[in-house]
**Student:** 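Dropping a structure here in structure tokens format, bear with me for questions.
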Amino acid sequence: MILFFTGTGNSRYAARQLARLLGDEAVSLDERMRKKKLGNFFSRRPYVLVCPVYAWRMPRLLEGYLARCRLLGNRRIYLILTCGEGIGAAEPYARAFFARIGLCCAGVLPLVMPENYLALFPTPSPAKARRQLRQALPGLVEAARLIRQGEDFPPTRPGWMAKLLSGPVNGMFYPLFVRDGGFWSTEACTGCGRCVSLCPLGNIRLEDGRPVWGGRCTHCMACIAACPAEAIQYRRATLHRRRYYLPES
């Protein structure tokens with residue numbers, strides 16, 4: 001079973017490509033989170049989790065969610081982290097987390113895909129994004145081969161800078177940056193409610209036809225990236241920044 005969590009679509013795309021290669025099913029955790037739905041998962045094959053890297057580690061909200069679920073059956077799990085450049089030293093933290101919930105981590109694979117954290121970084125042109133998506137496919141083919149043969153992903157071997165990013169920098173990043181106070185909407189907002197329906201935490205509501213954030217943001221960027229009117233902004237940093245969102249196919 002392939003479980004995925006996504007914000008702007010990269011991890012959903014990777015999970016579905018992998019499901020096609022393995023003949024397995026891909027299950028969206030975003031939908032379950034939005035519906036506040038926990039429950040039991042069961043897989044005879046090893047689990048595969050596909051998600052974006054957040055500040056050089058697994059997203060904290062995803063760890064909290066999985067810790068409240070029951071993953072039954074096979075006790076091995078592979079982790080694929082989609083990223084713009086790298087995953088730092090995410091692997092030892094992921095291994096420790098999976099061990100706490102009774103799973104054996106079979107490795108962590110970084111998968112470089114289009115940059116989507118437009119609150120801090122510029123996103124690629126459509127042509128570059130398409131090229132990066134094509135370039136990610138061989139990595140998924142290799143991942144499928146290793147999973148099919150029951151082999152672990154190669155170790156990531158992080159250096160001192162990677163350990164700094166996944167350790168102290170990650171610890172500072174959440175309280176300093178991961179909050180929704182910087183989001184706002186321009187007069188271009190049509191009140192369509194797409195941001196409300198996409199938020200995995202149910203953190204957005206409409207008041208007088210405009211989005212209001214409720215203080216539980218995880219910075220997945222789904223609301224700002226998928227807004228059809230490009231009306232949502234983050235502070236002033238995104239006013240002239242290209243949006244990147246990979247729609248469901």
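Residue indices begin at 1 and follow the sequence shown.
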**Student:** Return the CG to SG distance between Asp152 and Cys105, rounded to the nearest 0.5 Å.
**Tutor:**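 Answer for the CG-SG pair, Asp152 versus Cys105, is 8.0 Å.
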**Student:** Can you tell me if Arg148 has over 12 outside heavy atoms packed within less than 6.0 Å of its CZ?
**Tutor:**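 Yes, CZ of Arg148 has more than 12 neighbouring heavy atoms, counting only those of other groups under 6.0 Å.
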**Student:** Atom CD of residue position Gln149 - does it have more than 12 heavy atoms of other residues, nucleotides or ligands inside 6.0 Å?
**Tutor:**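 Correct, the count exceeds 12.
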**Student:** To the closest 0.5 Å, what do you measure between CD1 (Ile147) and CG (Leu21)?
**Tutor:**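 One gets 9.5 Å once the value is rounded to the nearest 0.5 Å.
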**Student:** Do Tyr13 and Ile80 sit in the same hydrophobic cluster, where Ile, Leu, Val, Met, Phe, Trp and Tyr count as joined when their side-chain heavy atoms come under 4.5 Å apart?
**Tutor:**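 Yes, Tyr13 connects to Ile80 through the hydrophobic network.
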**Student:** Taking side chain as C-beta onward, heavy atoms only, is Cys220 less than 4.5 Å from Pro200?
**Tutor:**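 A side-chain contact exists here, since the closest heavy-atom pair is under 4.5 Å.
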**Student:** Between Thr123 and Glu115, do the side chains contain a donor N or O and an acceptor N or O under 3.5 Å apart?
**Tutor:**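 Looking only at side-chain atoms, Thr123 and Glu115 do not form any donor-acceptor pair under 3.5 Å.
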**Student:** Show every ring-ring contact (aromatic ring centres under 6.0 Å, His included) that has at least one partner inside residues 105-127, sequence neighbours left out.
**Tutor:**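 Output for this query lists Tyr117-His219.
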**Student:** Side-chain contact test, heavy atoms from C-beta onward, threshold under 4.5 Å: evaluate it for Pro211 versus Cys189 and give yes or no.
**Tutor:**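 Yes, close enough: below the 4.5 Å cut-off.
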**Student:** Just do the side chain to side chain contact (heavy atoms under 4.5 Å, CB included) check on Arg236 and Leu239 with the steps written out, would you?
**Tutor:** CA-CA 6 Å; Arg236 303 196 69 78; Leu239 282 171; 3.3 Å; yes
**Student:** Determine whether Arg243 and Ile224 satisfy the following criterion, side chain to side chain contact (heavy atoms under 4.5 Å, CB included), listing intermediate values before the conclusion.
**Tutor:** CA-CA 8 Å; Arg243 270 59 172 156; Ile224 183 171; 3.8 Å; yes
**Student:** Quick check: does any side chain N or O of Arg12 sit under 3.5 Å from a backbone N or O of Leu246, one acting as donor and the other as acceptor?
**Tutor:**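 Pair found, side chain donor or acceptor close to backbone of Leu246.
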**Student:** Are the side chains of Ile77 and Val48 in touch, meaning some heavy atoms are under 4.5 Å apart?
**Tutor:**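 A side-chain contact under 4.5 Å is absent here.
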**Student:** Checking Arg75 side chain against Gly102 main chain: does a donor-acceptor pair fall under 3.5 Å?
**Tutor:**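 It does hold such a pair.
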**Student:** Evaluate the side chain to side chain contact (heavy atoms under 4.5 Å, CB included) criterion for residues Gln233 and Thr186: first the C-alpha distance (whole Å), next the side-chain angles of each, then the deciding distance (0.1 Å), finally the verdict.
**Tutor:** CA-CA 8 Å; Gln233 306 291 343; Thr186 68; 3.8 Å; yes
**Student:** If I compare all heavy atoms of Tyr65 with all of Lys37, which pair ends up nearest, and what's the gap?
**Tutor:**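 Closest pair (atom of Tyr65, atom of Lys37, distance): OH-O, 2.7 Å.
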**Student:** Taking Phe183 as the starting point, is it possible to reach Leu206 by hopping between hydrophobic residues whose side chains are less than 4.5 Å apart?
**Tutor:**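 Same cluster.
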**Student:** Is Glu142 atom CD crowded by more than 12 heavy atoms from other residues, nucleotides or ligands, each under 6.0 Å away?
**Tutor:**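 Yes, the 6.0 Å shell around CD holds more than 12 heavy atoms from other groups.
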**Student:** Identify whether Phe97 and Met33 are in the same connected component of the hydrophobic contact network (ILVMFWY, side-chain heavy atoms under 4.5 Å).
**Tutor:**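 Linked within one cluster.
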**Student:** Apply side chain to side chain contact (heavy atoms under 4.5 Å, CB included) to Thr6 and Cys51, showing your working.
**Tutor:** CA-CA 6 Å; Thr6 191; Cys51 66; over 6 Å; no
**Student:** Rounded to the nearest 0.5 Å, what separates atom SG in Cys217 from atom CG in Asn203?
**Tutor:**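 Going from SG on Cys217 over to CG on Asn203, the span is 6.0 Å.
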**Student:** What's the spacing between Arg16 CZ and Glu25 CD if we round to 0.5 Å?
**Tutor:**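 Nearest 0.5 Å value for the CZ-CD distance: 12.0 Å.
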**Student:** Side-chain heavy atoms under 4.5 angstrom apart, residues restricted to Ile, Leu, Val, Met, Phe, Trp, Tyr: same cluster for Leu79 and Leu66?
**Tutor:**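 In one cluster with Leu79: Leu66, yes.
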**Student:** For the side chain of Asn116 and the backbone of Gly7, is there at least one donor-acceptor N/O pair under 3.5 Å apart?
**Tutor:**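 Not confirmed, Asn116 side chain does not pair with Gly7 backbone.
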**Student:** With the side chain counted from C-beta on, respond yes when Leu111 and Cys83 share a heavy-atom pair under 4.5 Å apart, and no when they do not.
**Tutor:**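 A side-chain contact under 4.5 Å is absent here.
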**Student:** Taking the side chain as every heavy atom from C-beta outward, state whether Arg242 and Ser125 have any pair of such atoms under 4.5 Å apart.
**Tutor:**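 Yes; the side chains approach each other to less than 4.5 Å.
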**Student:** Checking the side chain of Tyr47 only, and the main-chain atoms of Phe41 only, is there a donor and an acceptor separated by less than 3.5 Å?
**Tutor:**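 Flag set: sc Tyr47 to bb Phe41 pair under 3.5 Å.
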**Student:** Enter the distance from Leu140:CG to Leu109:CG here, rounded to the nearest 0.5 Å.
**Tutor:**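 These two atoms lie 7.5 Å from each other.
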**Student:** Among side-chain atoms of Tyr244 and Asn10, is any donor-acceptor pair under 3.5 angstrom?
**Tutor:**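 Distance-only check passes for Tyr244 and Asn10.
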**Student:** Parallel, tilted or perpendicular: which fits the ring planes of Tyr78 and Phe153, with parallel below 30° and perpendicular above 60°?
**Tutor:**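 Ring orientation of Tyr78 relative to Phe153: tilted.
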**Student:** Can you confirm whether Leu38 sits close enough to Cys69 that some side-chain heavy atom of one is under 4.5 Å from a side-chain heavy atom of the other?
**Tutor:**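 Contact flag for Leu38/Cys69 side chains = yes.
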**Student:** Would you give the length of the straight line joining atom OG of Ser28 to atom CZ of Phe4, rounded to the nearest 0.5 angstrom?
**Tutor:**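 Rounded to the nearest 0.5 Å, the OG-CZ separation comes out at 4.0 Å.
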**Student:** Do Pro110 and Thr156 come within less than 4.5 Å of each other through their side chains, counting heavy atoms only?
**Tutor:**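 Yes; the side chains approach each other to less than 4.5 Å.
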**Student:** Give the cluster check for Met221 versus Leu61: same hydrophobic cluster or not, with ILVMFWY residues linked at side-chain heavy-atom distances below 4.5 Å.
**Tutor:**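 Same cluster.
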**Student:** Side chain of Arg235, backbone of Trp184: donor and acceptor closer than 3.5 Å?
**Tutor:**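 It does not hold such a pair.
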**Student:** Ile204 and Cys195: which non-hydrogen atoms are nearest, and at how many Å?
**Tutor:**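 Answer, listing the atom of Ile204 first, then Cys195: CD1-O, 3.6 Å.
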**Student:** For the residue pair Pro114 and Leu133, what are the closest heavy atoms and their distance?
**Tutor:**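 That would be CD-CD2, 3.9 Å.
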**Student:** Determine the sole option in Leu103, Leu29, Ile2 for which the side chain to side chain contact (heavy atoms under 4.5 Å, CB included) test with Leu49 is passed.
**Tutor:**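 By the side chain to side chain contact (heavy atoms under 4.5 Å, CB included) criterion, Leu49 pairs with just one of Leu103, Leu29, Ile2: Leu29.
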**Student:** Sequence neighbours left out, what passes ring-ring contact (aromatic ring centres under 6.0 Å, His included) with Phe177? Give chain and number order.
**Tutor:**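 Once residues adjacent in sequence are excluded, the partners of Phe177 under the ring-ring contact (aromatic ring centres under 6.0 Å, His included) criterion are Phe173.
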**Student:** Between the side chain of Thr238 and the main-chain N/O of Arg241, is any donor-acceptor distance below 3.5 Å?
**Tutor:**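 Not a single qualifying donor-acceptor pair exists.
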**Student:** State, yes or no, whether a side-chain contact exists between Ile87 and Val108 at a heavy-atom distance under 4.5 Å.
**Tutor:**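 The answer is yes, as the side chains (C-beta and beyond) meet within the 4.5 Å cut-off.
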**Student:** Can a donor-acceptor pair be found, under 3.5 Å and without considering hydrogens, that links the side chain of Trp56 to the backbone of Ala90?
**Tutor:**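 Checked: no pair found.
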**Student:** So, does Arg44 use its side chain to make a donor-acceptor pair with the main chain of Met1 at under 3.5 Å?
**Tutor:**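 No, the answer is negative, given that no donor and acceptor are paired below the 3.5 Å cut-off.
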**Student:** Looking at Arg95 and Glu91, is any side-chain nitrogen of the basic one under 4.0 Å from a carboxylate oxygen of the acidic one?
**Tutor:**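 Salt bridge present between Glu91 and Arg95.
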**Student:** By the side chain to side chain donor-acceptor pair (under 3.5 Å) test, which pairs, at least two apart or in different chains, include something from residues 208-218?
**Tutor:**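 For residues 208-218: Ser185-Arg210.
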**Student:** Over all heavy atoms of both residues, which pair between Ala89 and Ser166 is shortest? Give the atoms and the distance, please.
**Tutor:**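 Closest approach of Ala89 to Ser166, heavy atoms only: N-OG, 2.7 Å.
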**Student:** Please give me the minimum heavy-atom distance between Tyr174 and Tyr54, naming the atom from each residue.
**Tutor:**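 The pair with the smallest heavy-atom distance is OH-CB, 3.5 Å.
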**Student:** Please give me the minimum heavy-atom distance between Cys192 and Pro228, naming the atom from each residue.
**Tutor:**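 Reported closest heavy-atom pair: SG-CG, 3.9 Å.
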